[in-house]
Structure formats: C-alpha cells, structure tokens
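Here the structure comes first, spelled out in structure tokens, and everything after it is commentary.
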2 protein chains.
Amino acid sequence: MGQTQAGLIEELRARGMRMTPQRAIIFETINQLEGHITAEEIFAQVQKVNAYISLATVYRTLELLQEFDLITPTNLGDSQTCFALKEHCCHHHLVCLQCGNIEEFSDDLFDLVRSRLEDEHGFQVRTDHMSLFGVCKACRGE
Amino acid sequence: MGQTQAGLIEELRARGMRMTPQRAIIFETINQLEGHITAEEIFAQVQKVNAYISLATVYRTLELLQEFDLITPTNLGDSQTCFALKEHCCHHHLVCLQCGNIEEFSDDLFDLVRSRLEDEHGFQVRTDHMSLFGVCKACRGE
DNA sequence: GTAAGTGCAAACAGTTTGCATGACG
DNA sequence: CGTCATGCAAACTGTTTGCACTTAC
C-alpha cells in the first residue's frame, strides 16, 4: 500500500508532474478505499483529512490518474462514475474461432457484469482465467 | 417489427396504459433503430416524424418501457445512457462450483463487455451459450 | 367527464471550466 | 520567480419534475 503510493508519487514526478499535499491525500485515499469508489466518496474521505480540498481538485486528480493509466473509470448502472486502481487487474483471453489467435483484455470489462450478478443473483462470479470466443479484427476485415 | 410494435401497444393496453400518438411514434422509433440508442437519438428521430414531441416525453416513455421490462438501460462508458429492446436477449448460465446448481442470467449484462471489446480490440465476441463459474447465493450464505 | 399524458420551463445531479490566487520546484 | 495546481463559483450536460393544459378512453 505504502509502496503503491510511493510508486504513484514517483511516477508522477518522473513525468514532471508536481506533488501537492492535495494529490498526496487523494492518492492515499484511493489506495485505502479499495474497490470501486466514486468521486464523491473520495471527496468525503479526503475532507476528513483536510476540509479545504475541493471537489474540483478531486475530479482533476482523477483525470490525471486516468491519463497515467493508473485508474480506470467504470459505469455501474448508477449515475455516478466509479474508479478503481488498475494495479491488481488480471487479464483474460479473446480466442478467435477462425484463426485461433489469442489476445488479452483487462478484467475491468467485467466490473459491471460482476457487480450486477452479485446484486441481482447473489452470485459471486470467478472471473479469473476467462476466455471469450469470437472473431478477431483481422479475420473480420476479410 | 410491426409485430413487435403491435405487441408493445397491446401489452400497454392490457396494463391499462393509454395509447397516445407520441408513444406510438416513440415505440416505432425504438423498434426501427436497432441496437443501443440514447434518449437523444430517439428524440432526434422522433422529431422527424413530429417536431412537437418533447424530450421529456421521450424520457417518460423510456421509463415506462423499463417498468414494462421491454427495454433495458445500459451504460457504455459515454455520459449518456443507452437503451435496447429486451426481446432478442438470450440467456447464459451461472454454474456454482460448490453445489453444481445452474441458474440463468440475461445477455444484457454483456452489453458493455461486448461493445468495449469491439471498440477497443475490434473483436466480435460470440456471447451465445456462455457459462460463468463461481459461488451461488445459497453456498455463500453458509 | 376524469384520470392520465403532454409540453414547457425550471430544477436537479454529476462533472467541467475560467479565472484570480497560491504554492511547488 | 515562473509555471503549474488550487479554490471558488459559474457553466454545462443529461435527466427529472411541477404545473397548467390537453387528450384518450
């Protein structure tokens, strides 16, 4: 956890971004609040540390982290957008039924499926090591 | 197509809802615009038929159709919500790894996965006859 | 005729943005 | 000390709602 945060800060610096107390607090909050959280939730948590951090800064920082490819936004039915760290995301496979080629895709894509199956069916899906079948870009192009 | 629309209207009437020209136009539009469409897209199309139908009515009708379980909303990354007819949706299976019990779930859940794999990888997934594995409600409760 | 549906405009929620001020490096 | 980040408030987008009016049944 501390490591991840140090990693975040380090990477920010490496890309010439400035390190501000606001950003540090927001990063730490995202690290602590595991799973999918909304901007508003981050804001609420962040305000406990420092009440003078604005919601706009939270949004701007989230945007920054997205550009850095460190978090991913997901839309889970609700009106609000959720965010999650990318670090732990596993990969799945896309298998082409025509040429047999296999490519990978991120586990993020299953966020909505997972949460809805949990909410609507009480079913806890194991999405590790999934394979989806279909037709790849190259084969479709012909 | 005409059949589906007749079905919609019939079902509306059966539930004691009124049939208005606005609703007829909106239904027909949803039928014609296959796939996932936004309220705004429906509105634009509907206005070509009758320019005096308001966006509010489109939203109200969409809400109505959701209550009737005839369309499903989906959130595909964009800011706007997409809607699709439920009629063609196939079913998939949830297989419990502990008790072996199998339950069904709707293909709608894959909307986001499908569209993102198409957009991001150019991959056309075949989501028919899918099975997902995990732990069912009953087994989790223990 | 009466309950339900409509249009309009105003309200609303979530997010973004312009600008003056403040602070990192 | 220059540049970039912040806070504030106002703008913006997608959606919902209150209300007077209209219409289906």
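Source: prediction; values computed, not measured.
Gln80(A) places its CD atom 14 Å from the C1' atom of dT15(D), with the value rounded to the nearest Å. The nearest whole Å value for the distance from the CD1 atom in Ile53(B) to the P atom in dG5(C) is 15 Å. The CZ-C1' distance, from Phe83(B) to dG14(D), rounds to 11 Å in whole Å. Atom CZ of Arg60(B) and atom C1' of dT17(D) are 8 Å apart (whole Å). Remark: P of dA5(D) and CD of Glu63(A) are 12 Å apart, rounded to the nearest angstrom.
Between Arg23(A) and the phosphate of dA5(D), there is a side-chain N or O to OP1/OP2 separation shorter than 4.0 Å. An OP1 or OP2 oxygen of dT23(D) is reached within less than 4.0 angstrom by no side-chain nitrogen or oxygen of Gln22(B). OP1 and OP2 of dG14(D) both lie 4.0 Å or more from every side-chain N or O belonging to Thr81(B). Between dT16(C) and Tyr59(A), no contact under 4.0 Å exists linking OP1 or OP2 to a side-chain N or O.
Residue Arg18(B) places its side chain closer to dG5(C) than to any other of dG5(C), dG7(C), dT15(C). Each of dT6(C), dC8(D), dC24(C) was ranked by its minimum atom distance to the side chain of Thr57(B); first place goes to dT6(C). The side chain of Leu55(A) lies closest to dT15(C), out of dC8(D), dT15(C), dT15(D). Considering only side-chain atoms of Ser79(B), the nucleotide from dG25(C), dT17(D), dG14(D) that sits closest is dG14(D).
Using cut-offs of 30° and 60° on the angle between ring planes, the pair Phe105(B) and Phe110(B) is tilted.
Screening Val46(B), Ile42(B), Val58(B), Thr57(B) against Ile25(B) for a side chain to side chain contact (heavy atoms under 4.5 Å, CB included) leaves a single residue, Val46(B).
Toward the 5' end of DNA chain D, the nearer of the two residues Met17(B) and Pro21(A), judged by each one's closest nucleotide, is Pro21(A). Comparing Thr20(B) and Glu40(B), the nucleotide of DNA chain D nearest to each residue sits closer to the 5' end for Glu40(B).
In this structure, CD1 in Ile71(A) is found 9.0 Å from OG1 in Thr61(A), a value given to the nearest 0.5 Å.
In this structure, the side chains of Asp111(A) and Arg114(A) come closer than 4.5 Å at one or more pairs of heavy atoms.
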